[in-house]
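Order of appearance sets the numbers: ligands from 1, and atoms from 1 within every ligand.
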Amino acid sequence: MVEIAILGFGTVGSGVAEVIDRNQKSIRRDFPVGIHVKYILDLRDFPDSPYADRVVHDIHTIIDDPEVEVVCETMGGKHPAYEFSRMALEAGKSVCTSNKELVDAIGGELAVIAKQHNCSYLFEASVGGGIPILRPLRTSFSQEFITDVMGILNGTTNYILTKMEKEGLSFETALRQAQDNGYAEKNPEADIEGYDPCRKIAILASLVTGGNVKFQQVPCEGITKIDTDDFRYAASLHRVVKLLGVCHHDQESDKVYVRTAPYLVPEGHPLYSVSDVYNAVLVHGNMVGDLMFYGSGAGKLPTASAVVSDVIECAWNRGRNVDIGLHNTDADLGDPESVKDVFFVRMDASEKDRAQMLFGGHVQEVKAEGVNGEFAFLTPEMTDREFTEKAAEFETLKKSIRLLQG
Ligand SMILES: NC(=O)c1ccc[n+]([C@@H]2O[C@H](COP(=O)([O-])OP(=O)(O)OC[C@H]3O[C@@H](n4cnc5c(N)ncnc54)[C@H](OP(=O)(O)O)[C@@H]3O)[C@@H](O)[C@H]2O)c1
């Protein structure tokens, strides 16, 4: 039996215990030794829980017990998650986590410590919840040069955008529904401002390039400025608004370009029909082409399932390090302002002539049913820098959204 401990008995942590108990038979089919939860560390006691007798409050109970081989860190936040993870790794115990904030901020350092102590630091659940994406990237793409990884990486914002698109709800009403249904937190900032998907695309970019990309280095735009008229325009372009994390790795220069922003996704694109709380990650390998990974991006049991998949991998690799390809060196980031895109722009109709003049007469006007008094158009393809300079010339510019190339 492999003994494990769970740090943080909240949504994901209690799910880890449940997955292990309910699916012990399936786990033993592949890993006959079996997995057992020996300790649960939390601030609270859980007197009514079947796990009440395993709850401890002192991390040293876990660190000092040589029987504990794997620790699941499902507390979230940076501190004390970092200190506890570090202590476990230094004691030779592998750590499996769902904590994207910690992985993005200090994951490279923890991965190095794991290597030094012949154990592992795995974080499948930190990106895409229940969707297996990090392990396939590590085990199935060695022969590939991955040029692009992009995805819908946040279920809350995808739910809000889907409600706005399909039911014509305002952003505020859709957000309230997401909160009422338990999909959005009371403080939804990390989701709606794009910080959560930004952390996830930073982790994916780090794994694809082998160098560290930090959340703070990635231009990040959320969905708070998206309104229902954007969906009307999008429909007339046979597109839909989606919040995407986008990473392009240029094979010639080896530079990586990363961004989180709303995009207009064309009909027929694999990400077009990913709706509601679902997530999807599209990977393009230079030999294999496009592959898409789709499923539940969050939630107690899907996320816990991903944590337990890491536990089993650590258990299979007792006494040795599983190299996840996260290193403690910086990635070679390209200048995001040099990336070329076509922009969809909305401004007051009074500036139409100036817009046509400034964008060189190559603009393509876009009309939407029921929207009046505006001039909306597509720019020619141009760099972000060129667009920002031109956009600054207008007083009534309401909106610009990038077009995702088909
Ligand atoms: N929920 C999801 O669907 C999901 C999906 C993917 C990733 N994640 C990530 O998984 C992590 C956990 O999320 P969650 O939703 O499970 O959070 P949660 O429900 O708030 O659970 C966290 C648990 O850790 C406990 N805790 C906090 N500080 C502690 C400390 N110093 N010592 C011991 N226990 C402590 C909390 O106790 P108190 O309640 O008393 O503070 C709580 O029981 C986060 O990093 C989150 O981003 C979550």
Protein heavy atom at shortest distance from [atom]:
atom: atom 24 (O) of ligand 1; value: G8 CA, 3.3 Å
atom: atom 12 (C) of ligand 1; value: T74 O, 3.4 Å
atom: atom 17 (O) of ligand 1; value: T11 N, 4.5 Å
atom: atom 3 (O) of ligand 1; value: G299 N, 2.8 Å
atom: atom 44 (C) of ligand 1; value: G76 CA, 3.6 Å
atom: atom 9 (C) of ligand 1; value: S98 O, 3.2 Å
atom: atom 21 (O) of ligand 1; value: G10 CA, 3.2 Å
atom: atom 6 (C) of ligand 1; value: T303 CG2, 3.4 Å

* **Atoms of ligand 1, numbered as shown, that sit under 4.0 Å from any heavy atom of N99** =>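 Ligand 1 atoms under the 4.0 Å threshold to N99: 45 (O).
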
* For A298, counting its heavy atoms only, list the atoms of ligand 1 lying under 4.0 Å from any of them. =>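 Near A298, the atoms of ligand 1 are 3 (O).
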
* Asked: More than 12 foreign heavy atoms under 6.0 Å from CZ of R22: is that the case here?
  ->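 Not more than 12 within 6.0 Å, no.
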
* Exceeds 12 heavy-atom contacts within 6.0 angstrom, atom CD of E381 ->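 For E381, atom CD is crowded (more than 12 foreign heavy atoms under 6.0 Å).
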
Assess the pair [X] and [Y]: is the distance between their ring centroids shorter than 6.0 Å?
X: F231; Y: Y233; answer: no
X: Y51; Y: F46; answer: no
X: H249; Y: F145; answer: yes
X: F84; Y: Y82; answer: no

* From atom 28 (N) of ligand 1, work out which of L102, V16, L43 has a heavy atom at the shortest distance. =>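 The residue whose heavy atom sits nearest atom 28 (N) of ligand 1 is L43.
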
* To do: Name the option, out of D42, I59, V12, V55, that contains the heavy atom nearest to atom 34 (N) of ligand 1.
  =>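 The nearest heavy atom belongs to D42.
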
Let me check something: any side-chain donor-acceptor pairs from residues 207-215 under 3.5 Å, sequence neighbours excluded? List them with distances.
unit_1: T209; atom_1: OG1; unit_2: A205; atom_2: O; d: 2.8
unit_1: T209; atom_1: OG1; unit_2: G211; atom_2: N; d: 3.3
unit_1: T209; atom_1: OG1; unit_2: G211; atom_2: O; d: 3.2
unit_1: N212; atom_1: ND2; unit_2: H327; atom_2: O; d: 2.6
unit_1: K214; atom_1: NZ; unit_2: D104; atom_2: O; d: 3.4
unit_1: K214; atom_1: NZ; unit_2: A105; atom_2: O; d: 3.3

* To do: Flag atom 31 (N) of ligand 1 as yes if some protein heavy-atom distance to it falls below 4.0 Å, otherwise no.
  =>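 True for atom 31 (N) of ligand 1.
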
* **Donor-acceptor under 3.5 Å (E144 side chain, N286 main chain)** =>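 Flag set: sc E144 to bb N286 pair under 3.5 Å.
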
* Would you mind listing every ring pair (Phe, Tyr, Trp, His ring centres under 6.0 Å) that reaches into residues 379-406, with sequence neighbours excluded? =>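 Sorted result for residues 379-406: F343-F387.
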
* **Given L110, T97, V95, the one that forms side-chain contact (heavy atoms from CB on, under 4.5 Å) with L102** =>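 Only one of L110, T97, V95 forms a side-chain contact (heavy atoms from CB on, under 4.5 Å) with L102, namely L110.
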
* Per-residue contact class, P80 against ligand 1 - non-hydrogen pairs under 4.0 Å ->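 For P80, only side-chain atoms sit under 4.0 Å from ligand 1.
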
* **R44 heavy atom under 4.0 Å from ligand 1** =>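 R44: in contact with ligand 1 (<4.0 Å).
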
* **A125 N/O under 3.5 Å from ligand 1 N/O** =>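 Looking only at distances, the answer is no, because the N/O contact criterion of under 3.5 Å is not met.
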
